[in-house]
Visitor: 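Sending over a structure as structure tokens; questions will come in a sec.
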Amino acid sequence: MAGKATVSLDTFDESNPRGFINSPRSIQACKLEGVLPLELVHKPIECFAEKNLSPRLVKLRYDFFEAKRRDLLAASKRARDAILADEKRASENSSQQLEVMARDFGVSKGAILALNSDGLKQERKKLLKAQESEKKWLQSALNAELNQLKALENGKAFAEKEGDNEAERLKENSRKMKELNDKRASDEERKQMEAEARQKLEKQIAKEEFHKQQEEIKRLGEMQAFREKEAYARQVAAADAKKQAEADKERKREEEYNRTEARKNDMRALDLRRTDILEQQTQQKSAQLADLQAKRDERIMASIQANMELEHKRRDEFENRQQVEAEREERLMQAKALQQEEGAKRSFQLMMRRKVIQQEANQKMEERRGAILEQHEVTEYRLLEHEQKKERYLDFKRELDGLRGKNKEINVERQRRREESVREMVAEQVRKKDDKIDALNGERKRLWALRRHAQSEAYRAREQVKSEIMRQRITSKFNSKALEQKLASIMQQDCFTEKLLGGSASMPTLKQASVESH
């Protein structure tokens with residue numbers, strides 16, 4: 001690979017089966033699109049030929065894979081053009097200078113960007129602002145201590161002058177305090193008496209309220225007893241009325257029972273009377289039936305005699321008809337014999353005619369059988385052609401389904417490679433951001449450490465000034481000029497000036513000017 005010339009997607013020969021791609025930018029573009037460089041190499045149609053595969057299916061496979069290869073090649077070229085555009089924009093934004101600086105100083109680009117980011121500039125501004133406020137606070141505190149020392153110097157002289165007047169002022173103050181305390185004691189005693197009178201009044205009012213409540217309860221109890229007595233009287237009256245209603249109901253029930261028994265007796269008398277009438281009617285009907293039976297028997301005997309006479313008459317008529325029938329049968333037999341002779345002649349003629357018709361039908365059937373056989377052969381040939389077409393269609397469909405599945409597999413594998421490439425890019429970006437964040441956090445920690453150091457130095461300086469003032473107080477030798485010189489030397493320290501931000505903990509030799517120009 002080292003001895004070969006560099007071949008990119010632009011200089012790649014699409015029709016060369018032995019072509020290759022080894023340009024880093026082109027390989028990166030293929031990786032972004034999820035394409036292997038080997039998949040972009042042209043394959044001739046002979047590579048798709050198999051033993052039992054028809055030329056039509058071979059051509060289908062070749063066309064499919066060639067179209068897929070051209071699509072992948074176009075996508076890879078678009079990705080390469082996008083990479084070139086990104087590199088061009090990066091070169092226009094002087095990112096090469098940033099890479100050179102990172103290589104010269106031995107740190108990452110993320111660290112350089114972090115150290116010159118707006119957030120860190122804000123942190124530096126905050127530190128300078130806090131440093132200024134600490135400086136002002138320390139200066140004001142030290143000036144206050146100095147002013148206090150000067151006030152002590154002036155107060156010492158004034159105290160000696162005012163020492164005589166202080167005793168009289170204290171005496172006057174003690175007198176005023178005694179008068180104020182006497183007045184407060186009288187006010188407290190008056191308030192105590194008022195509170196006792198108020199408590200007595202409240203107790204009296206509570207006692208009267210209690211008596212009123214007891215009387216109200218007694219009155220309510222009497223009213224409740226009266227209501228209960230009235231309710232009991234109403235219940236007794238209701239019970240009496242209920243008993244009277246029950247007695248009336250029982251009396252009405254007995255009257256109803258008596259009326260029912262009377263109706264039952266009347267109905268029994270009516271039933272006996274009805275039974276007697278029915279028996280009389282039954283006897284009358286029996287007598288009538290006997291008369292009707294006698295009349296019917298007489299009619300039956302007369303009918304039997306008439307039937308016998310009619311039977312004799314019918315028998316005579318039957319015998320006459322039988323004789324006539326015998327004569328008729330004889331005539332019919334003669335006619336039938338003549339008819340049979342004529343039928344034999346007609347059947348022979350019909351048999352001959354049928355034989356001729358059968359011969360003609362057999363001839364037509366043979367002709368029809370031949371036509372049917374010929375038509376069957378044509379149909380068989382057409383079915384064979386249809387089966388062959390069906391087999392070719394099924395082979396084509398199977399091949400097409402296989403190519404679709406292959407296309408799906410290729411797309412899935414390509415998507416997997418693209419996702420893997422995206423994950424790698426995201427991991428690289430995350431790593432760069434982690435470097436930037438680490439550098440930013442380190443610089444922030446350094447700035448906070450400087451701020452805490454400045455605060456501790458300010459407190460230590462203030463304690464030194466306080467101890468110096470205390471020492472002068474103890475010795476009663478006040479010297480404000482020496483303290484002013486000491487304050488000036490404290491304020492000239494590096495922790496209270498902008499020299500505090502002179503360098504960086506992660507890049508001590510980095511020049512701020514070059515980075516700011518970038």
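No experiment lies behind these values; they were computed from the predicted model shown.
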Visitor: Going by an N to O cut-off under 4.0 Å, is there a salt bridge joining Glu428 and Arg431?
Guide: yes

Visitor: So does Met365 have more than 12 non-hydrogen atoms from other groups sitting under 6.0 Å from CE?
Guide: no

Visitor: Taking CD in Glu216 as the centre, count heavy atoms belonging to other residues, nucleotides or ligands within less than 6.0 Å. Is the count above 12?
Guide: yes

Visitor: Report the C-alpha separation of Gln375 and Ile372 in whole Å, then their side-chain angles, then the decisive distance to 0.1 Å, and conclude whether the side chain to side chain contact (heavy atoms under 4.5 Å, CB included) test is met.
Guide: CA-CA 5 Å; Gln375 183 68 24; Ile372 290 171; 5.6 Å; no

Visitor: Salt-bridge test for Glu325 and Arg321: reply yes if a basic N is under 4.0 Å from a carboxylate O, no otherwise.
Guide: no

Visitor: Any ion pair linking Arg314 and Glu317 (charged N to carboxylate O, less than 4.0 Å)?
Guide: no

Visitor: So, using ring-ring contact (aromatic ring centres under 6.0 Å, His included) as the criterion, who are the partners of Phe65 when residues are at least two apart?
Guide: Phe48

Visitor: So, Tyr257 versus Glu261: side-chain donor-acceptor pair below 3.5 Å or not?
Guide: yes

Visitor: Any luck finding a side-chain donor-acceptor pair between Asn411 and Lys68 under 3.5 Å?
Guide: yes

Visitor: Please tabulate, one pair per line, all N/O donor-acceptor pairs under 3.5 Å involving side-chain atoms of residues 23-44, not counting sequence neighbours.
Guide:
from  : atom 1 : to     : atom 2 : distance (Å)
Arg25 : NE     : Glu87  : OE1    : 3.0
Arg25 : NE     : Glu87  : OE2    : 3.3
Arg25 : NH2    : Glu87  : OE1    : 3.1
Ser26 : OG     : Leu9   : N      : 3.0
Ser26 : OG     : Arg80  : NE     : 3.4
Lys31 : NZ     : Glu424 : OE1    : 2.5
Glu33 : OE1    : Arg414 : NH2    : 2.8
Glu39 : OE2    : Arg417 : NH2    : 3.4
His42 : ND1    : Glu66  : OE1    : 3.1

Visitor: How long is the straight-line distance from NZ of Lys390 back to CG of Leu383, given to the nearest 0.5 Å?
Guide: 11.0 Å

Visitor: CZ of Arg354: more than 12 outside heavy atoms within 6.0 angstrom?
Guide: no

Visitor: Please confirm whether the backbone N or O of Thr282 pairs with a side-chain atom of Ser286, one donor and one acceptor, at under 3.5 Å?
Guide: yes

Visitor: Under the side-chain hydrogen bond (donor to acceptor under 3.5 Å, both in side chains) criterion, do Arg296 and Gln293 qualify, and how do the steps go?
Guide: CA-CA 5 Å; Arg296 190 177 62 179; Gln293 185 69 27; 2.6 Å; yes

Visitor: As a quick check of understanding, evaluate side chain to side chain contact (heavy atoms under 4.5 Å, CB included) for Asp271 and Arg274, giving each step before the final call.
Guide: CA-CA 5 Å; Asp271 288 339; Arg274 193 182 299 112; 2.7 Å; yes

Visitor: Taking 4.0 angstrom as the limit, do Glu255 and Arg251 come out as a salt bridge?
Guide: yes

Visitor: Can you name the nearest heavy-atom pair linking Phe64 to Asn407, along with the distance?
Guide: CZ-CB, 3.5 Å

Visitor: Could you point out which residue of Arg382, His376, Glu380 forms a side-chain contact (heavy atoms from CB on, under 4.5 Å) with Val378?
Guide: Arg382

Visitor: I need the Ile357 CD1 to Lys364 NZ distance, nearest 0.5 Å.
Guide: 10.0 Å

Visitor: Carefully, step by step, assess Glu419 and Arg416 under the rule salt bridge (charged side-chain N to carboxylate O under 4.0 Å, His left out).
Guide: CA-CA 5 Å; Glu419 290 176 356; Arg416 186 186 62 78; over 6 Å; no

Visitor: Assess the side chains of Glu377 and Tyr381: does a donor N or O sit below 3.5 Å from an acceptor N or O?
Guide: no

Visitor: Where do Arg331 and Glu327 land on the side chain to side chain contact (heavy atoms under 4.5 Å, CB included) test, with the steps shown first?
Guide: CA-CA 7 Å; Arg331 287 195 303 272; Glu327 293 174 357; 4.1 Å; yes

Visitor: Flag the pair Lys295 and Glu298 as a salt bridge only when some basic side-chain nitrogen lies within less than 4.0 angstrom of an acidic carboxylate oxygen.
Guide: no

Visitor: Is any side-chain N of the basic residue among Arg369 and Glu366 closer than 4.0 Å to the acidic one's carboxylate O?
Guide: yes

Visitor: Report yes if the side chains of Gln305 and Met308 come closer than 4.5 Å at any heavy-atom pair, otherwise no.
Guide: no

Visitor: Hey, are the side chains of Leu332 and Lys336 touching, using non-hydrogen atoms and a 4.5 Å cut-off?
Guide: no

Visitor: For Glu385, look at atom CD and say whether over 12 heavy atoms of other residues, nucleotides or ligands are found less than 6.0 Å away.
Guide: yes

Visitor: Applying side chain to side chain contact (heavy atoms under 4.5 Å, CB included) to Arg263 and Thr260, what does each step give before you reach the verdict?
Guide: CA-CA 5 Å; Arg263 283 198 300 272; Thr260 304; 3.5 Å; yes

Visitor: With a 4.5 Å cut-off on side-chain heavy atoms, are Phe20 and Asn22 touching?
Guide: yes

Visitor: In terms of side-chain geometry, is the basic nitrogen of Arg404 or Asp401 positioned less than 4.0 Å from the acidic oxygen of its partner?
Guide: yes

Visitor: Measuring from atom CG of Asp86 to atom NZ of Lys88, what distance do you get when rounded to the nearest 0.5 angstrom?
Guide: 12.0 Å

Visitor: What's the separation between atom CZ in Arg398 and atom CG in Leu57, rounded to the nearest 0.5 Å?
Guide: 9.5 Å

Visitor: Counting only heavy atoms not in Glu330, do more than 12 fall under 6.0 Å of its CD?
Guide: no

Visitor: From Phe226 CZ over to Glu230 CD, what is the distance, rounded to the nearest 0.5 angstrom?
Guide: 3.5 Å

Visitor: Ignoring hydrogens and angles, tell me if any N or O in the side chain of Ser347 forms a donor-acceptor pair with the backbone of Ala344 under 3.5 Å.
Guide: yes

Visitor: More than 12 heavy atoms of other residues, nucleotides or ligands under 6.0 Å from CD of Gln363: yes or no?
Guide: no

Visitor: Tell me whether Arg259 is salt-bridged to Glu256, with the criterion being a basic N under 4.0 Å from an acidic carboxylate O.
Guide: yes

